[in-house]
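The sequence lines fix the lettering, A, B, ..., with proteins before strands; numbering per chain opens at 1.
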Number of protein chains: 2
Amino acid sequence: MTAIVDVALDRLRKQDAAVPESGAALTIAEMAERTGVSVHTLRYYERIGLLTVARGAAGHRVYGADDFARVVFLNRLRMTGMPIRELRRYVALVGEGEQTVPERLAMLIAHREAVRAQLAELQFALATVEFKIAAYGGDCAP
Amino acid sequence: MTAIVDVALDRLRKQDAAVPESGAALTIAEMAERTGVSVHTLRYYERIGLLTVARGAAGHRVYGADDFARVVFLNRLRMTGMPIRELRRYVALVGEGEQTVPERLAMLIAHREAVRAQLAELQFALATVEFKIAAYGGDCAP
DNA sequence: GCTTGCGTTCGAGTGCGCTCGAAGGCCTAG
DNA sequence: CTAGGCCTTCGAGCGCACTCGAACGCAAGC
């Protein structure tokens, strides 16, 4: 449990520290390293249409700063529980051009509400855990 | 997304309103109704050892107030992302008696930290979503 | 020239947490 | 007496999001 969260936090730290200068070209391994998203998952995301990545010399993927930004954004949405299905829809809308901005906005606003509700729920359940801890007499929080 | 959360919130409202008086006996259907946990899932939880339910006349499950409390508690832990595996461990400890209280406490405290981290992460990602909404110019929050 | 190491594709496998279907038992109402 | 409805068990199936294995390609270094 803690390990999972630590992985997520590590990822955030990495992403902050690893924004590539625009114009930079990254290999898949470098992207994995900088975004904290595995090589396997990067390829998977591409397969299902979340990413469209340019190819270089030997057919190898070449990621740009924009790809980095997208992966990080997708990752944030995933962190908040947006299902892959919706990510695909969002990306499809981006692909359709500026006229889909209102719909994208609507998606994000709906999602924001969902995340807020999720936060409320989590805080509520946390209270139950804290109550139980208190009931066991262990209120030795750091 | 929103639907999922609404389901969860409905469940919480239900659980609050549906605490049985102690001594009450509930059928599986009533438990499902009151806890918001499906009949299928209640049986599943029993199968994997999270619950031990008494049987009545025709071999039917008979749930008491304590079972209700446990289901609600398990449900809260699930809401915070505790995996089934750990629920089983916790329940096993409960079954072993009072001397396992320290270990249970340790589990809960570790879990509390995980939930707090999860909250922080969620808030962080929410900020990203809000930033994006602002970038799209849609700051028409309710 | 041959190993090392990175990359490629494709399809299949994994783990989780349910969710469901089939086949049948018991009880009550019409 | 029979139909409906709720219950039982068991094993299988599902949706999600990865995750991995197999088989192969290219390019640099010893």
Tell me whether the side-chain N/O atoms of B:R88 come closer than 4.0 Å to OP1 or OP2 in C:dC16.
no
In this structure, how many angstroms lie between the P atom of C:dC6 and the CG atom of A:L26, rounded?
16 Å
Specify the separation, in whole Å, of atom CD of A:E30 and atom C1' of C:dG5.
14 Å
Side chain to side chain, B:L108 and A:E130, heavy atoms closer than 4.5 Å
no
For B:L42 and C:dT19, give me the distance from atom CG to atom P, rounded to whole Å.
12 Å
Whole angstroms only, please: what is the NE2-C1' distance between B:H60 and C:dT28?
13 Å
Test salt bridge (charged side-chain N to carboxylate O under 4.0 Å, His left out) on A:R55 and A:E46; report intermediate values, then the result.
CA-CA 12 Å; A:R55 300 305 158 109; A:E46 193 175 342; 2.4 Å; yes
Please determine whether a side-chain nitrogen or oxygen atom of B:R61 lies at a distance below 4.0 Å from atom OP1 or OP2 of D:dT8.
yes
Whole angstroms only, please: what is the CD1-P distance between B:I28 and D:dC6?
13 Å
pair A:R78-A:I84: side-chain heavy atoms closer than 4.5 Å
yes
What does the list of N/O pairs under 3.5 Å between the protein and nucleotides 10-20 of chain D look like, with a distance for each?
from   : atom 1 : to    : atom 2 : distance (Å)
D:dG11 : N7     : B:R47 : NH1    : 3.3
D:dG11 : O6     : B:R47 : NH1    : 3.1
D:dC16 : OP1    : A:R85 : NH2    : 3.2
D:dA17 : OP1    : A:I84 : N      : 3.4
D:dA17 : OP2    : A:I84 : N      : 3.2
D:dC18 : OP2    : A:Y45 : OH     : 2.9
D:dC18 : OP2    : A:R78 : NE     : 3.0
D:dT19 : O4     : A:R47 : NH2    : 3.0

Hey, are the side chains of B:L42 and B:Y63 touching, using non-hydrogen atoms and a 4.5 Å cut-off?
yes
May I ask you to decide if B:E96's main-chain N or O and B:T100's side chain share a donor-acceptor pair within less than 3.5 Å?
no
B:Y63 atom OH is separated from D:dC7 atom C1', nearest whole Å, by 11 Å
Quickly work out the B:E86 CD to C:dC16 C1' distance and round it to whole Å.
14 Å
Between B:R116 and B:E113, does any side-chain N to carboxylate O distance fall below 4.0 Å?
yes
Heavy-atom side-chain proximity of A:M82 to B:V129 below 4.5 angstrom
no
Starting at the 5' end of DNA chain C, which residue's closest nucleotide do you reach first, A:V62 or B:A58?
A:V62
To the nearest Å, how far apart are B:E33 CD and D:dC6 P?
13 Å
